[in-house]
**Student:** 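Can you read through this structure? Questions will come right after.
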Amino acid sequence: MAWRRGKLEGLRSHGWDFPNDFKRSCDADGTEHTAALLQARYGDWEKAALEAEGLRVTLAGRLMNRRGPFLVLQEGSGSIQFYLAKGAEDGLRDTVAQWDIGDIVAGTGTLEKSGKGDLYLNLTEARLLTKALRPLPDQYYGIADTELRYRRRYLDLIMNEASRDTFRVRSQVVSAVRRFLEERRFMEVETPMMHVIPGGAAAKPFVTHHNALDMPLFLRIAPELYLKRLTVGGFERVFEINRNFRNEGLSTKHNPEFTMLEFYWAYADYRDLMDLTETLLRGLCEQVLGTTTVTYQGTVLDFAKPFARLTVPEALLAYTDISAAAVQDPAALAARLQGQGVKVASSWGLGRLQFELFEAEVEDKITDPVFLTQHPTEVSPLARRNADNPELTDRFELFIMGREIANGFSELNDPEDQAERFKAQVALLDEGDEEAMHYDADYITALEYGMPPTAGEGIGIDRLVMLLTDAPSIRDVLLFPHLRPKAADGPDPI
RNA sequence: GGGCCGUUAGCUCAGCGGUAGAGCAGUUGGCUUUUAACCAAUUGGUCGAUGGUUCGAAUCCAUCACGGCCCA
């Protein structure tokens with residue numbers, strides 16, 4: 001580093017000062033030349049034909065490696081080499097000799113092809129654009145230290161093609177989801193991130209304070225109650241892709257801020273949502289990966305097959321050794337749950353006991369996509385009751401590889417029932433359940449004006465991207481995952 | 001919150017009670033159609049932090065910090 005600072009001093013004394021006037025060469029129609037464009041266009045040309053063409057190109061990028069007279073350049077679209085011929089003039093040789101690995105450099109030369117078939121620019125002009133003061137990590141091993149990869153994501157992106165690909169896939173997923181919904185006449189909206197009353201999910205919120213109004217505000221745990229107000233307002237198909245914040249622990253599946261898609265669809269029910277979700281996921285695999293076969297951590301998943309749809313008791317029978325009689329017997333379920341180390345509350349009804357057993361014994365065993373349906377009303381305070389059994393709801397959760405990917409239901413649009421459900425939640429809150437919901441009087445007022453029959457769903461974008469990129473941790477799909485700050489996390493002198 | 005594992009040069013790692021090591025990167029020189037380029041020489045360290053045991057600690061013990069995996 002001291003050496004490089006010295007070089008920078010030398011460059012400055014010769015008038016070099018982080019130039020900002022560089023432009024890449026272009027076609028006559030203005031198409032900018034990039035490594036990927038040149039590879040695609042000229043990669044197949046014969047060496048002699050290419051040299052006869054004598055195409056002069058100007059490119060810039062980060063100097064990644066020197067191999068004899070070749071300099072490996074990495075830019076946004078890919079890589080290409082510069083070549084410094086033995087007979088090059090002294091000024092050019094001196095300029096290139098000043099370069100260090102990691103510098104951002106520019107060069108002009110004719111596009112040629114090596115004996116092994118790689119394209120390169122035979123340099124005639126060169127200039128330094130940005131001096132790198134810090135050396136790059138090991139060329140071959142890259143950075144293996146996960147902590148360093150997360151804390152200095154820029155280094156991870158410079159060094160690891162796989163990491164760059166993950167975030168490209170993430171961008172494509174979000175973009176494809178938007179396109180999918182817009183094609184179906186859904187409208188993207190933005191609702192508040194700061195809530196006076198946290199709502200829409202069972203989770204502990206982050207609290208902040210508004211100085212001018214001298215009141216607490218909560219970072220949203222879900223946008224649900226605001227999006228449903230919009231369906232009351234007459235926007236029949238709305239969606240939002242944005243961050244939620246939950247004040248919970250960190251794990252390979254949890255980050256305090258994470259990205260959710262939520263969408264609401266008037267005159268649809270939870271079965272329509274399941275159909276739409278299957279179509280969406282299948283299409284995403286095809287568009288982003290080019291196949292409906294996804295390998296996640298060694299397990300092959302086929303998204304082309306219809307997704308299983310199982311009620312909670314059906315899932316228990318399918319995935320555990322429990323008997324048909326025991327599934328309907330509260331005492332047997334409670335005993336089994338206690339055997340699993342679950343603290344069973346006396347207030348739990350049959351549906352809740354079944355659902356808790358699902359979470360304890362089945363969730364982790366699921367590999368291929370499974371829609372779990374008809375959750376107990378007790379754990380679904382915003383979902384419509386099932387017409388045949390008011391203890392259950394018209395709800396589903398989609399599980400893939402043991403993880404909840406989506407959650408949706410026919411919306412509860414009966415204001416009186418919703419008010420009762422809120423009251424039951426407030427009772428839990430008063431008992432000390434920090435994840436229970438608050439009573440949202442304005443939301444009840446909205447329902448009293450009338451919400452059309454509607455179905456709504458949330459899809460965890462981070463977990464979806466994990467599946468599609470074979471990422472074992474949510475931190476691998478977040479550019480800047482939350483980490484505990486380090487005491488010495490200031491500027492570090494090398 | 002609990003258990004296990006880890007933290008040594010810019011990066012990847014070895015060393016596990018007796019003088020702090022290797023490869024890559026860096027520096028100097030050579031080589032000029034290389035592909036983890038190669039050859040020669042060479043610089044570089046508060047062994048995560050603090051305390052303890054010991055004649056002697058990177059190494060053993062304790063506490064703390066940060067990270068990873070598993071569990072709640």
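Below, read A as the first sequence line, B as the second, and so on, with proteins coming before strands; counting in each chain starts at 1.
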**Student:** Taking atom types as they are modelled, is there a donor-acceptor pair under 3.5 Å from the base of B/G26 to the side chain of A/D100?
**Tutor:** no
**Student:** For A/R56, is there an ion pair with A/E125 - N to carboxylate O distance below 4.0 angstrom?
**Tutor:** yes
**Student:** Which whole number of Å gives the distance between the C1' atom of B/A41 and that of B/A36?
**Tutor:**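 My reading of the C1' atoms in B/A41 and B/A36 gives 22 Å.
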**Student:** Using the P atom in both, what is the distance from B/A9 to B/A58, to the nearest Å?
**Tutor:** 14 Å
**Student:** For A/L84 and for A/Y150, find the nucleotide of RNA chain B with the closest heavy atom, then tell me which residue's nucleotide is more 5'.
**Tutor:**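 By nearest-heavy-atom nucleotide position, the 5'-most residue is A/L84.
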**Student:** Separation of A/Y83 atom OH from B/U33 atom C1', in whole Å?
**Tutor:**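 Checked: the OH to C1' distance equals 6 Å.
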**Student:** In whole angstrom, give me the gap between the P atoms of B/G15 and B/A72.
**Tutor:** 34 Å
**Student:** Nearest-nucleotide wise, let me know which of A/Q139 and A/D118 is further upstream toward the 5' end of RNA chain B.
**Tutor:** A/Q139
**Student:** For atom P, what is the distance between B/G48 and B/A14, given to the nearest Å?
**Tutor:** 13 Å
**Student:** So that I can tick it off, tell me whether A/K204 and A/E435 are bridged by a salt bridge, with the cut-off set at under 4.0 angstrom between side-chain N and carboxylate O.
**Tutor:** no
**Student:** B/U12 P sits how many Å from A/M159 CE, rounded?
**Tutor:**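 After rounding, the reported distance stands at 10 Å.
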**Student:** In Watson-Crick or G-U wobble terms, both distances under 3.5 Å, what is the partner of B/C47?
**Tutor:**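 The base-pairing partner of B/C47, which may sit in any strand shown, does not exist here.
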**Student:** May I ask you to say what A/P137 touches in the nucleic acid, namely base, sugar-phosphate or nothing, with a heavy-atom cut-off under 4.0 Å?
**Tutor:** sugar-phosphate
**Student:** For B/U53, give the paired nucleotide (Watson-Crick: N1-N3 plus N6-O4 or O6-N4; G-U: N1-O2 and O6-N3; both under 3.5 Å), or none.
**Tutor:**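 Base-paired to nothing in any strand shown.
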**Student:** Categorize A/D145 for me: base, sugar-phosphate, or nothing, with a 4.0 angstrom heavy-atom threshold over every strand shown.
**Tutor:** sugar-phosphate
**Student:** Ignoring hydrogens and geometry beyond distance, is a side-chain donor-acceptor pair present between A/D156 and A/S163 at under 3.5 Å?
**Tutor:** yes
**Student:** Specify the separation, in whole Å, of atom CD of A/Q81 and atom P of B/U32.
**Tutor:** 18 Å
**Student:** So A/G341, base contact, sugar-phosphate only, or nothing? Heavy-atom distance under 4.0 Å.
**Tutor:**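 Nothing, no nucleic acid heavy atom in range.
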**Student:** So, A/F396 versus A/Y270, ring centres under 6.0 angstrom or not?
**Tutor:** no
**Student:** Calculate the interatomic distance between A/E161 atom CD and B/A36 atom P; express it in whole Å.
**Tutor:** 16 Å
**Student:** What nucleic acid atoms does A/T146 come within less than 4.0 Å of, heavy atoms only: base, sugar-phosphate, or nothing?
**Tutor:** sugar-phosphate
**Student:** Please state whether the phosphate of B/U35, meaning OP1 or OP2, lies under 4.0 angstrom from any side-chain nitrogen or oxygen of A/N65.
**Tutor:**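 It does not, given that no N or O in the side chain of A/N65 lies less than 4.0 Å from OP1 or OP2 of B/U35.
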**Student:** Pick the C1' atom in B/C71 and in B/A22, then give their distance to the nearest Å.
**Tutor:** 38 Å
**Student:** For A/R93, which contact category applies under a 4.0 Å heavy-atom criterion: base, sugar-phosphate, or nothing?
**Tutor:** base
**Student:** Look at the side-chain N and O atoms of A/K47 and state whether any lies under 4.0 Å from the OP1 or OP2 oxygen of B/U33.
**Tutor:** no
**Student:** Classify A/K116 by what it touches in the nucleic acid, base, sugar-phosphate, or nothing, heavy-atom distance under 4.0 Å.
**Tutor:** base
**Student:** Taking only Lys NZ, Arg NE, NH1 and NH2, and the carboxylate oxygens of Asp or Glu, determine whether A/E147 and A/R149 approach each other closer than 4.0 Å.
**Tutor:**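 Between A/R149 and A/E147 there is no salt bridge, as every charged N stays at least 4.0 Å from the carboxylate O atoms.
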**Student:** When rounded to the nearest Å, what value does the distance between C1' atoms of B/A20 and B/G44 take?
**Tutor:**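 My reading of the C1' atoms in B/A20 and B/G44 gives 12 Å.
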**Student:** Can a side chain N or O of A/R484 be found less than 4.0 Å away from OP1 or OP2 on B/G67?
**Tutor:** yes
**Student:** Across all strands, who's sitting opposite B/G67 as a Watson-Crick or G-U wobble pair, both distances under 3.5 Å?
**Tutor:**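 Check on B/G67: paired to B/C5, both distances under 3.5 Å.
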**Student:** In the strands shown, is B/U34 matched to any nucleotide by a Watson-Crick or G-U wobble pair with both distances under 3.5 Å, and which?
**Tutor:** none
**Student:** For the side chain of A/R4, starting at C-beta, report the closest nucleotide among B/U35, B/G26, B/G68.
**Tutor:** B/G26
**Student:** Report the distance from atom CG of A/L148 to atom P of B/C13, rounded to the nearest whole Å.
**Tutor:**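 So the CG-P distance, A/L148 to B/C13, works out to 11 Å.
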**Student:** Determine the interatomic distance between P on B/G17 and the same-named atom on B/G2; round to the nearest Å.
**Tutor:** 30 Å
**Student:** Which one, B/G67, B/U32, B/G23, comes nearest to the side chain of A/K86?
**Tutor:**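 Side chain of A/K86 sits closest to B/U32.
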**Student:** Examine the side chains of A/N407 and A/E457 and answer whether a donor and an acceptor come within less than 3.5 Å of each other.
**Tutor:** no
**Student:** Is the phosphate of B/G68 approached by A/R475 (side-chain N or O, under 4.0 Å from OP1 or OP2)?
**Tutor:** yes
**Student:** Taking the side chain of A/I101 as its heavy atoms from C-beta onward, which of B/A25, B/A37, B/C11 lies nearest to it?
**Tutor:** B/A25
**Student:** Once you round it to whole Å, what is the distance between C1' of B/A36 and OH of A/Y140?
**Tutor:** 6 Å
**Student:** Tell me whether the OP1 or OP2 atom of B/G67 has a side-chain N or O from A/R151 closer than 4.0 Å.
**Tutor:** yes
**Student:** Using atom P in both nucleotides, what's the gap between B/A62 and B/C24 to the nearest angstrom?
**Tutor:**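 39 Å, rounded to whole Å.
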**Student:** Does a salt bridge link A/K7 with A/D100, judged by any charged N lying under 4.0 Å from a carboxylate O?
**Tutor:**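 Salt bridge: yes.
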**Student:** Between A/D462 and A/R170, is the closest basic N to carboxylate O distance under 4.0 Å?
**Tutor:**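 A salt bridge links A/R170 with A/D462.
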**Student:** Any side-chain N or O of A/R67 less than 4.0 Å from the OP1 or OP2 oxygen of B/A37?
**Tutor:**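 Indeed, a polar side-chain atom of A/R67 lies that close.
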**Student:** May I have the distance from A/E147 (atom CD) to B/U12 (atom P), rounded to whole angstrom?
**Tutor:**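 Taking atom P of B/U12 as the reference, CD of A/E147 is at 11 Å.
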**Student:** Within this structure, what is the CG-to-P distance between A/L71 and B/A25, rounded to whole angstrom?
**Tutor:**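 So the two atoms are 14 Å apart, to the nearest Å.
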**Student:** Let's test this: given Watson-Crick or G-U wobble pairing with both distances under 3.5 Å, identify the partner of B/C24.
**Tutor:**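 The answer is B/G10, by the H-bond criterion.
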